[in-house]
Amino acid sequence: MDGMHDMGGRQGFGPVRYQPNAPVFHEDWECRVNALYGHAVRLGLFTMDAYRHAIERMAPRHYMTASYYERTLTSLATLLVEKGVVTRNELEAAAGGAFPLAAPSAPGRSNLTPNYRFQSGELVQVRNVDFAGHTRLPSYIRGKRGVVVRETLAYPFPDAHAHGVVAQDEPTYDVAFRAEDLWPNDSDPATVHVGVFQSYLMPAGEVARGS
Amino acid sequence: MDGMHDMGGRQGFGPVRYQPNAPVFHEDWECRVNALYGHAVRLGLFTMDAYRHAIERMAPRHYMTASYYERTLTSLATLLVEKGVVTRNELEAAAGGAFPLAAPSAPGRSNLTPNYRFQSGELVQVRNVDFAGHTRLPSYIRGKRGVVVRETLAYPFPDAHAHGVVAQDEPTYDVAFRAEDLWPNDSDPATVHVGVFQSYLMPAGEVARGS
Amino acid sequence: MDNSEISGGRVADVINRAAAVEALMEERGMEPAAAIARGVQSAEEDWVPRNGARIVAKAWTDPEFRQRLLTDGKAAAAELGFSMPAHHRFLVALENTVDLHNVIVCTLCSCTAFTIIGLPPDWYKDLEYRARVVRQSRTVLREMGLDLPQSTQIKVWDTTTDTRYMVIPVQPPETLGWPEEKLVEIVTKDSMIGVSRLPGT
Amino acid sequence: MDNSEISGGRVADVINRAAAVEALMEERGMEPAAAIARGVQSAEEDWVPRNGARIVAKAWTDPEFRQRLLTDGKAAAAELGFSMPAHHRFLVALENTVDLHNVIVCTLCSCTAFTIIGLPPDWYKDLEYRARVVRQSRTVLREMGLDLPQSTQIKVWDTTTDTRYMVIPVQPPETLGWPEEKLVEIVTKDSMIGVSRLPGT
């Protein structure tokens with residue numbers, strides 16, 4: 001989805017709020033919530049892809065202003081409700097106030113091109129297609145060209161896996177892009193390596209035939 | 001700039017917070033601030049393009065959570081500081097607290113193709129180029145194809161005008177896009193008409209030669 | 001937002017920030033008080049949707065005016081005594097029909113023909129409307145109470161230049177033959193933005 | 001956010017919301033208390049940057065291990081007793097040199113090889129880092145205190161699949177010949193993310 005979470009390359013942000021060797025947790029509840037969502041994943045209640053997607057589905061104003069562990073908490077609570085483990089009313093009664101949850105999900109999709117294999121050194125084009133569900137294709141590489149560095153391991157297809165849609169595990173590729181190609185007018189020269197699922201790619205020669 | 005303000009087509013938002021025939025102002029200061037920024041424009045202190053750009057330059061978290069007239073106020077105060085009329089310290093002393101302003105601007109740019117004229121009915125391609133300054137090219141049409149409905153009036157080129165860069169007024173075009181082309185996978189069929197400056201366009205036949 | 005990150009202090013209330021700007025403009029001799037008086041009057045008395053309603057009512061009842069309005073909206077508006085800011089160089093009147101519905105947005109900020117149809121309401125300037133109406137026009141309009149038949153084509157107008165738009169709603173059939181003054185009363189701001197249609201149309 | 005828009009009531013404090021989830025998981029027999037106890041222990045004792053530091057120190061001192069690490073990071077980590085979650089199927093070790101600097105990000109969320117280099121700090125998960133480091137890598141690193149020479153090439157790694165990354169920092173020249181145990185002490189989490197280099201490199 002073209003959501004607020006798709007941050008790569010977005011402008012207007014100030015300096016990173018950096019503190020060298022910063023602590024991981026600031027308050028007790030953060031570590032507890034981190035443990036609870038991991039527990040729910042291990043119990044098989046939802047996948048990591050579903051967890052990530054529930055964060056992406058948060059109301060944009062909430063996403064932008066929440067801390068990381070508030071996003072974790074919102075995702076966990078949303079999925080507990082969606083899986084029928086608890087109700088929103090129960091959550092709000094127990095919390096003593098409103099409990100903002102993420103918005104409903106759009107449908108998932110299965111693999112697009114499960115059989116093609118790209119080669120190291122091959123010039124590839126990232127498909128320039130939006131998708132309303134969960135996807136691990138950051139918008140900043142959509143429609144851009146890069147070079148396959150190598151094939152990496154096969155993983156469950158996130159666009160399916162986050163939604164419980166049946167799909168094959170599919171190869172991923174380490175694809176190198178030039179920052180100057182991604183953002184011709186306001187970027188520092190660098191190579192940006194992105195892990196790209198096969199379904200998101202097409203041979204660069206196919207560009208003329210459409211997305 | 002690829003800023004948060006570039007909202008068209010972004011997903012994850014809930015229902016419009018609609019109230020039929022809603023009031024324009026809710027509090028007295030809103031109407032006053034609206035009058036003050038208009039006054040500054042009429043005094044020649046800054047252009048409407050500069051006013052819009054100062055809103056775009058607000059910190060993204062602030063932009064996302066501020067009301068419209070808080071955005072207006074932030075732009076006005078930022079430009080009063082940037083034009084040397086007041087200082088941030090004066091503002092903060094008078095307000096009795098911190099006064100968040102917009103971030104500094106990137107440089108502007110002059111017209112790109114001032115002499116070409118597109119014809120009604122012509123298939124055009126929107127240039128797929130980012131620009132760090134002010135621009136009135138919404139990202140959802142970048143790299144997309146549309147049809148020129150007609151040439152509309154010439155206006156100051158916003159990418160220059162917001163920054164005090166010299167540029168010619170240039171023709172604009174009413175360009176019609178199909179929503180299904182802009183967002184193949186999650187849109188309602190419609191024609192989306194966008195007012196597009198000539199500098200943002202190229203003949204569709206030039207696509208193969210790059211952006 | 002996180003107050004601690006801004007100037008190291010608590011952010012002043014927006015009312016105090018607005019007052020600070022006003023006070024400093026006063027101190028610099030920019031005469032904000034007179035500007036505010038004029039601005040409040042303009043917003044309340046001059047930039048009212050009744051202006052647009054008068055244009056619509058005349059277009060409904062005067063075919064030659066309608067034609068001039070469709071050709072050059074700014075000149076037609078001027079005929080009735082309505083002006084637009086200098087930077088609004090063109091006004092496009094978008095005529096709805098049974099089969100065509102026009103709706104206006106400004107995805108990048110909140111531009112409108114405010115001297116003609118009135119200053120825009122909150123929801124028009126809000127993130128939801130700007131993000132969604134270009135992409136999900138039919139769905140958004142339905143959520144806002146306007147359930148268009150599938151046979152009605154939708155045109156969304158994104159106000160990205162200083163050309164301005166106004167929608168000419170379809171005249172309700174039962175008002176055919178009404179005098180112009182009476183027709184003015186039924187035309188709403190929302191119908192000229194295009195998020196509603198008039199009753200019976 | 002605007003509280004009035006959510007469930008019509010005031011949003012509960014995040015601490016109370018977290019406690020509510022925990023209490024309801026308990027009520028449903030999901031045994032959250034034991035999970036929290038394990039989770040707190042893992043975060044404090046198991047998923048510590050010292051794991052990555054041990055891998056780095058061994059790679060600096062054992063060329064054959066270094067080669068195995070560069071070929072299959074997950075297997076090399078396992079040699080030292082470090083495991084990764086099942087869904088992290090691959091660990092890529094990125095070797096910095098004088099002329100090449102690697103830096104890791106996850107623009108879409110906040111993925112990291114947390115069992116190896118420790119859970120990520122706030123700034124790594126924050127909007128600023130995710131938005132900017134892919135686009136303005138050199139500038140962002142400079143702002144964070146790492147001013148790389150123009151001759152140093154930058155590679156940014158966006159963690160968009162469940163392959164995980166760790167940076168092998170350049171070994172400070174004055175530590176050449178140090179025993180592995182002593183080298184472990186100088187390797188920081190930030191140097192394995194790639195936002196800093198070790199002193200003298």
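Values below: every heavy atom of this structure, side chains too, minus hydrogens, waters and symmetry copies. The sequence lines fix the lettering, A, B, ..., with proteins before strands; numbering per chain opens at 1.
For A/E90 and D/R28, the salt-bridge test passes: some basic side-chain N is under 4.0 Å from an acidic carboxylate O. Of the charged side-chain nitrogens involved, at least one lies within less than 4.0 Å of a carboxylate oxygen, so that D/D162 and A/R52 count as a salt-bridged pair.
For chain D, the nearby part of A/Q19 is the backbone; its heavy atoms alone come within less than 4.5 Å. Proximity to chain D is absent for every atom of A/M4, based on heavy atoms less than 4.5 angstrom apart. Neither the backbone nor the side chain of A/F157 comes within contact range of chain D, judged by heavy atoms closer than 4.5 Å. With a 4.5 Å cut-off on non-hydrogen atoms, A/N34 touches chain D through its side chain but not through its backbone. Heavy atoms closer than 4.5 Å to chain D are found in the side chain of A/D174, but not in its backbone. Only the side chain of D/M25 has a heavy atom closer than 4.5 Å to any heavy atom of chain A. Within the 4.5 angstrom heavy-atom criterion, no atom of A/F177 approaches chain D. Contacts between A/Y68 and chain D at a heavy-atom distance below 4.5 Å involve the side chain alone, from C-beta outward. Interface residue A/E27: only side-chain heavy atoms are found under 4.5 Å from chain D. Neither the backbone nor the side chain of A/V41 comes within contact range of chain D, judged by heavy atoms closer than 4.5 Å. Heavy-atom distances place no part of A/L182 under 4.5 Å from chain D, backbone and side chain included.
Taking chain D as the reference chain and counting heavy-atom pairs below 4.5 Å, the highest number among A/G9, A/A179, A/G3 is found for A/G9. Contact count versus chain D (heavy atoms, under 4.5 Å) is highest, among A/T172, A/V33, A/L36, for A/L36. The most heavy-atom pairs under 4.5 Å with chain A, out of D/S110, D/A43, D/S42, D/S191, come from D/S110. With chain D as partner, the option from A/T152, A/L153, A/L45 having the largest number of non-hydrogen pairs under 4.5 angstrom is A/L153. Of all the listed residues (A/E180, A/R42, A/R71), the one sharing the greatest number of non-hydrogen pairs under 4.5 Å with chain D is A/R71.
Using modelled atom types, one finds no donor on one side chain facing an acceptor on the other under 3.5 Å when comparing D/T107 with A/Y140.
Classification of the D/W157-A/H193 ring pair by plane angle, with boundaries at 30° and 60°, yields parallel.
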**OP:** Check the pair A/Y155 / D/T163 against side-chain contact (heavy atoms from CB on, under 4.5 Å), numbers first and verdict last.
**Re:** CA-CA 9 Å; A/Y155 289 99; D/T163 288; 2.8 Å; yes

**OP:** Begin with the C-alpha distance, continue with both residues' side-chain angles, and end with the deciding distance and a verdict on salt bridge (Lys or Arg N to Asp or Glu O under 4.0 Å) for D/R89 and A/D169.
**Re:** CA-CA 12 Å; D/R89 295 187 181 171; A/D169 285 13; 3.0 Å; yes

**OP:** Applying side chain to side chain donor-acceptor pair (under 3.5 Å), run through D/T139 and A/D188 and close with a yes or a no.
**Re:** CA-CA 7 Å; D/T139 304; A/D188 293 345; 2.8 Å; yes

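In terms of modelled atom types and a separation under 3.5 Å, the side chain of D/R132 and the main chain of A/G14 share a donor-acceptor contact.
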